[in-house]
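To keep things clear, I will list the structure first and then write my remarks on it.
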Amino acid sequence: MPKRTDIHSVLIIGAGPIIIGQACEFDYSGTQACKALREEGYRVVLVNSNPATIMTDPEFADRTYIEPITPECVEKIIVRELAELQRLGATGKLVLLPTLGGQTALNTAMSLHRSGVLEKHGVEMIGANARAIERGEDRQIFKDLMIEIGLDVPISGTAHNLAEARQVAEQIGRLPLIIRPAYTLGGTGGGIAYNREEFEEIAKRGIELSPVSEILVEESLLGWKEYEMEVMRDRADNCVIICSIENFDPMGVHTGDSITVAPIQTLTDKEYQIMRDASFAVIREIGVETGGSNIQFGVNPDNGRMVIIEMNPRVSRSSALASKATGFPIAKIAAKLAVGYLLDEIRNDITRETPASFEPTIDYVVTKIPRFAFEKFPQADPTLNTQMKSVGEAMAIGRTFKESLQKCLRSLEIGRSGLGGDGKPWRIGNEVYGDRDILPRDVITRKLSIPNAERIFFIRHALRAGFSLEEIFQLTKIDRWFLTQLKEIVDFEEELAASVK
Amino acid sequence: MNLDLLAKAKSLGFSDRQIAHLTGQTEDAVRAERKAVGIIPSYRLVDTCAAEFEAYTPYYYSTYDRGDDEVRASDTRKVMILGGGPNRIGQGIEFDYCCVHAAFALKEDGFETLMVNSNPETVSTDYDTSDKLFFEPLTLEDVLHIYEREKCWGAIAQFGGQTPLNLALGLQRNGVNIIGTSPQSIEVAEDRKLFAAMLRKLDIPQPPNGLATNEIEALAAARQLGYPVLVRPSFVLGGRAMQIVYSDAELTHYMRFAVEASPERPVLVDKFLEDATEVDVDCIADVGQFADPQGGTSVIGGILEHIEYAGVHSGDAAMVLPPHTLSQSVIETIRTYTHAMARELKVIGLMNVQYAVKGDTVYVLEVNPRASRTVPFVSKAIGVPLAKLAAKVMAGKTLVELGFTAEVWPKYWAVKESVFPFNRFHGQDILLSPEMRSTGEVMGLDADLGIAYAKSQMAANAPLPLSGRIFISVSDAHKGEVAEVARAFADLGFELISTSGTAAVLEKAGLKVRRILKLTEGRPNALDLLKNREIQLVINTPAGQTPRTDEVRIRTTAVYTGTPIMTTLSGARAAALGIAALKKSGYGVRTVQEFH
């Protein structure tokens with residue numbers, strides 16, 4: 001299928017200011033989309049209130065609105081641009097591409113759709129239609145659909161007030177419980193409740209923070225393994241997996257706050273193929289016709305039960321990571337799919353030979369580690385949970401997990417030159433320990449059992465203090481394969497230190 | 001040392017610094033030994049196909065898994081651009097913006113550009129931004145390997161924020177040609193003593209200040225200057241651990257718990273200028289290219305006036321371009337000082353200066369001869385790509401050749417507002433301080449200043465209310481000015497609500513106020529009204545250094561309920577202006593292409 005000729009101008013909504021959960025990855029995706037669409041001869045109209053972005057440079061779009069991203073403001077832009085098209089005597093349409101500006105763009109577009117503004121002005125949404133966005137974003141509809149196609153999901157229910165929330169909690173029957181507000185970004189307002197009091201508090205906050213006053217109360221999958229798949233689909237129903245990602249930190253820590261590794265390291269090929277098939281089934285059922293989606297899975301380490309956790313029917317933070325990890329430009333391809341191309345019609349820039357329908361294969365390991373800023377918020381709780389708190393991330397590539405992990409740790413610029421042995425002391429409360437001191441067991445135990453920004457370093461401290469892999473696994477639920485890799489690094493540190501004695 | 005062990009260490013990802021510490025050597029010695037025996041990384045391609053097809057996009061990573069090096073050779077003159085690494089508060093997308101512009105500019109001028117960065121969220125790490133992309137850690141070891149392997153002509157360290165600047169001297173010592181303003185000039189700007197000497201020579205005032213390497217020295221310096229003083233560690237970005245202190249007790253606490261002071265890393269103690277207006281200036285110059293420092297050109301890119309008074313970190317403050325309250329003579333003084341410093345520091349590229357204006361006196365707070373956080377904002381406000389021009393200047397072009405020799409004074413207003421992550425950190429007080437805590441920024445553009453401000457608030461997701469109730473509670477220090485601000489809101493039709501102290505002041509000024517109970521007096525109080533969404537705007541200024549608990553609860557509840565809040569009276573004044581403008585005529589939208 002060739003590209004659409006009925007389109008004259010494409011309105012792209014950006015992500016607005018950098019906030020936790022929505023950082024400059026959307027400048028990356030938006031910039032790519034602007035370039036791709038102009039390359040195809042479309043006139044690009046852009047709205048983004050963030051002046052620090054490359055995409056708002058005047059040469060990246062034909063019309064750049066540095067204006068607030070609110071439904072009211074975008075409607076003003078639509079009216080103005082339709083008049084402009086008339087003035088230009090354009091025969092094609094103005095369409096809206098809402099899937100490249102994160103949750104901000106998607107929410108704004110959905111609001112314009114619900115209020116009838118898009119219909120009134122005859123503006124079509126491309127990239128994902130309103131039905132697919134609703135099916136992907138509404139947690140209850142999403143779960144029902146998953147069950148219909150035979151996929152497993154965590155036991156849960158939605159609530160719009162505290163009474164309903166209590167009822168759902170009763171049905172699930174055990175704490176801890178996960179609370180997720182609908183249509184919020186990076187888990188804002190969500191959390192894990194370990195007791196009834198916490199449950200009431202988080203449920204109430206979640207309902208208030210959700211723009212549709214809705215929360216999902218879910219059985220806890222704390223300690224389960226967590227995975228992500230980046231999938232793309234075109235309108236002829238071709239589907240490809242761009243990248244598979246494994247979370248080093250088990251469920252309970254927001255993906256944005258987890259150390260993640262690509263490709264998946266600890267699944268058998270059979271398990272991976274099941275997950276791949278499930279990913280295709282999900283994107284088809286939700287009905288994302290063109291473009292990328294991110295699908296999250298949980299796997300119970302004890303019995304292998306696999307559940308679908310959620311899906312983002314848009315280019316996400318993980319898409320940027322997947323693009324950099326594989327070299328496959330997801331946003332650019334998503335923009336081309338949105339205007340009618342098929343995956344097998346788009347050439348891969350890197351090889352110039354293979355089409356975009358070839359799934360990327362990688363012969364190295366990629367590690368991403370989040371960067372935190374708790375020192376700026378001394379009164380806030382530094383425990384990691386389902387609400388994202390990191391402000392940035394580093395990524396590194398190596399031929400083995402060990403090489404990429406240590407490169408990534410030194411990329412973080414937190415004063416560490418690797419997992420350990422760099423001579424930098426440890427300050428814990430009012431105590432200062434040398435880098436090679438053996439730390440007290442109780443300190444280590446606490447730092448392992450409660451997820452925190454420095455946990456990976458405390459696995460090293462634990463290994464040096466004589467904790468067994470099994471003990472560390474029980475405290476962290478981090479897969480034994482990862483722990484074994486860390487042990488090899490620590491063992492070598494000892495070998496190196498001993499070599500000069 | 002044992003070469004097998006050394007090779008194995010590198011293949012397990014150990015850095016030279018780790019190896020050095022573990023084997024009792026220096027990092028330089030480890031590197032020298034490695035290079036002598038040929039244990040260096042090879043560079044492999046990220047190619048989507050595990051080397052099954054030929055790859056055309058040069059996107060590389062290093063590995064010590066020995067084998068073929070896949071970097072293609074070329075004879076073009078190469079410039080390396082050092083990125084900013086992971087985003088953090090104080091170092092974010094603005095620096096990525098600058099690095100991307102450097103790559104575009106130098107490509108245009110015929111150079112081969114190499115980008116080094118470790119942040120996957122960026123445009124700089126898109127494989128078609130530069131000619132070659134190296135996805136690598138920004139450490140001396142990793143950067144040197146690439147520079148040497150690629151035989152670069154030069155490296156740009158002034159665009160990626162503090163990360164590459166911290167590497168600059170080490171790189172230069174190892175033979176790297178750092179282009180642009182010399183690392184020595186950067187040192188003059190960062191070293192307190194050298195900086196003070198320069199200002200004395202140019203006859204430019206700075207706030208009285210001192211240095212302290214320990215608690216006793218800090219107390220002595222503070223007593224000599226007189227409280228309040230502004231304290232901060234040297235060599236940081238984003239105001240890390242920067243604080244205004246009002247007493248010996250606070251200073252002692254700060255020196256003991258907030259910083260690690262040492263003779264190498266002294267703490268800076270400045271007299272804090274209360275109620276001064278802060279101004280940021282971004283400037284571009286090519287002076288260092290000329291033997292005669294009077295020969296080059298220096299041009300001001302933009303003068304930004306802060307809306308909040310001095311004491312709020314420039315990364316957190318709202319700003320207006322061009323200045324909206326400064327007198328013509330103050331602006332002239334700022335221009336004179338800026339050009340004089342650009343010449344004295346022999347700037348090649350960008351320079352940012354922070355001033356504090358009190359009365360008619362202009363003080364220099366800080367000079368940074370590098371790209372600043374405000375460069376993208378200024379570039380868009382004036383319609384000139386400053387970072388791009390600066391990169392070309394650094395690579396040898398003059399501003400005359402580039403055709404940028406005159407300051408641009410826009411005929412419209414650009415307002416910058418900051419966006420904070422307070423809703424993620426429950427219980428954290430939201431007061432603005434010298435420590436930067438915002439994660440991002442937005443811009444409001446309009447021909448009317450009030451509308452530009454109102455747009456910036458809308459974009460920051462805190463739209464100004466057009467009617468309703470305003471809760472006003474200010475500290476004693478601000479009671480003198482509060483009536484005038486409150487009157488503006490009353491005139492706009494808002495109902496005023498206050499607790500006893502502020503209410504008395506407002507009533508005395510003839511304003512109608514609804515009194516409510518203080519938190520400690522009973523209920524209903526401000527928290528109840530906020531939670532019931534009965535308050536549409538909060539004006540709450542801090543009572544001093546140690547905020548009262550009830551103030552903190554009001555402020556955090558405002559954040560939690562999504563109620564717009566102003567913690568400075570200058571912010572409240574701007575809000576009144578914005579509301580008045582919105583009520584009068586509403587707002588329209590316009591493209592950047594039409595503004596310029």
Side-chain angles (χ1 to χ4, degrees), chain A residues 17-20 23-25 27-28 31 49 51-52 54 58 63-68 76-77 320-321 324 326-328 349-353 360-361 363 371 373 376-377 379-380 389 391-395 397-399 402-403 406-407 410-411 413 417-418 421-423 489 492 496-497 499-500, chain B residues 2 5 9 12-15 17-18 21-24 46-50 53 55-57 59 61 63 65 85-89 92-94 96-97 100 118 120-123 125-126 135 137 139 376-377 380 419 421 424-425 427-428 437 439-443 445 455 458-459 589 591-593:
Chain A
I18 304 300
I19 51 178
I20 290 177
C24 48
E25 63 268 20
D27 186 25
Y28 165 63
T31 303
S49 56
I54 288 290
R63 305 268 284 172
T64 311
Y65 288 93
I66 302 188
E67 298 283 1
K76 283 180 198 263
I77 292 168
L321 182 71
K324 301 293 159 77
T326 58
F328 188 100
D349 290 344
I350 292 189
T351 61
R352 293 184 192 168
E353 200 174 322
T361 315
D363 54 357
R371 161 87 193 219
K376 300 263 180 185
F377 306 95
Q379 291 147 286
K389 292 175 178 169
V391 294
E393 61 192 35
M395 181 185 108
I397 311 174
R399 292 286 283 186
K402 294 182 279 270
E403 186 178 47
Q406 293 226 78
K407 279 177 81 176
R410 71 174 184 265
S411 299
E413 294 173 50
S417 301
D422 56 15
I489 297 175
F492 186 76
L496 203 55
S499 72
V500 289
Chain B
N2 180 323
L5 275 184
L12 290 173
F14 279 80
S15 60
R17 183 168 300 173
Q18 283 168 293
H21 275 280
L22 290 166
T23 57
V46 170
D47 60 4
T48 74
C49 60
F53 298 90
Y56 292 89
T57 50
Y59 169 11
Y61 69 96
T63 176
D65 164 43
N87 283 358
R88 64 213 81 162
I89 289 174
I93 186 171
E94 301 82 4
D96 192 57
Y97 170 93
V100 170
S118 61
E121 304 175 316
T122 55
V123 180
T125 54
D126 194 349
F135 213 107
T139 67
F377 176 87
K380 276 167 203 174
V419 176
R424 300 272 159 166
F425 300 99
Q428 174 67 46
R437 290 183 301 182
T439 53
E441 68 187 80
V442 293
M443 182 178 203
L445 277 172
K455 279 186 178 178
M458 258 182 247
V589 292
T591 63
V592 173
Q593 287 85 356

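Values in this document were obtained by computation on a predicted structure and should not be read as measured data. Residue numbers start from 1 in every chain, and the chains themselves are labelled A, B, ... in the order their sequence lines are given, proteins ahead of strands.
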Between A:Pro58, A:Pro360, A:Ser411, A:Ser499, which has the largest tally of heavy atom pairs under 4.5 Å with chain B? A:Ser411
Go through the atoms of A:Thr31 and report whether side chain, backbone, both or neither lie under 4.5 Å from a heavy atom of chain B. side chain
Report yes or no: do A:Glu67 and A:Ser49 form a side-chain donor-acceptor pair below 3.5 Å? no
Please determine, among A:Asp363, A:Leu496, A:Thr361, the option with the most heavy-atom pairs under 4.5 Å with chain B. A:Thr361
CZ (B:Arg17) with more than 12 external heavy atoms under 6.0 Å: no
Quick one: of A:Gly423, A:Pro17, A:Gly392, who has the most non-hydrogen atom pairs under 4.5 Å with chain B? A:Pro17
Can you confirm if the NZ or CZ of A:Lys324 lies within 45° of the ring axis of A:Tyr28 and under 6.0 Å from the centre of its six-membered ring? yes
Any donor-acceptor N or O pair under 3.5 Å, side chains B:Gln593, A:Thr64: yes
In the structure I gave you, are the side-chain heavy atoms of B:Pro421 and A:Ile20 within less than 4.5 Å of one another anywhere? yes
For A:Ala23, is it the side chain, the backbone, both or neither that has a heavy atom under 4.5 Å from a heavy atom of chain B? side chain
Find the one option among B:Gly440, B:Ala50, B:Pro376 whose heavy-atom pairs under 4.5 Å with chain A are most numerous. B:Ala50
Which of A:Arg371, A:Lys402, A:Gln406, A:Glu25 touches chain B most, by non-hydrogen pairs under 4.5 Å: A:Gln406
Side chain, backbone, both or neither: which part of A:Glu353 has a heavy atom under 4.5 Å from chain B? side chain
Please look at A:Val500 and chain B and tell me whether the side chain, the backbone, both or neither of the residue comes under 4.5 angstrom of a heavy atom of that chain. side chain
Considering only heavy atoms, which portion of A:Ala394 lies under 4.5 Å from any heavy atom of chain B: side chain, backbone, both, or neither? both
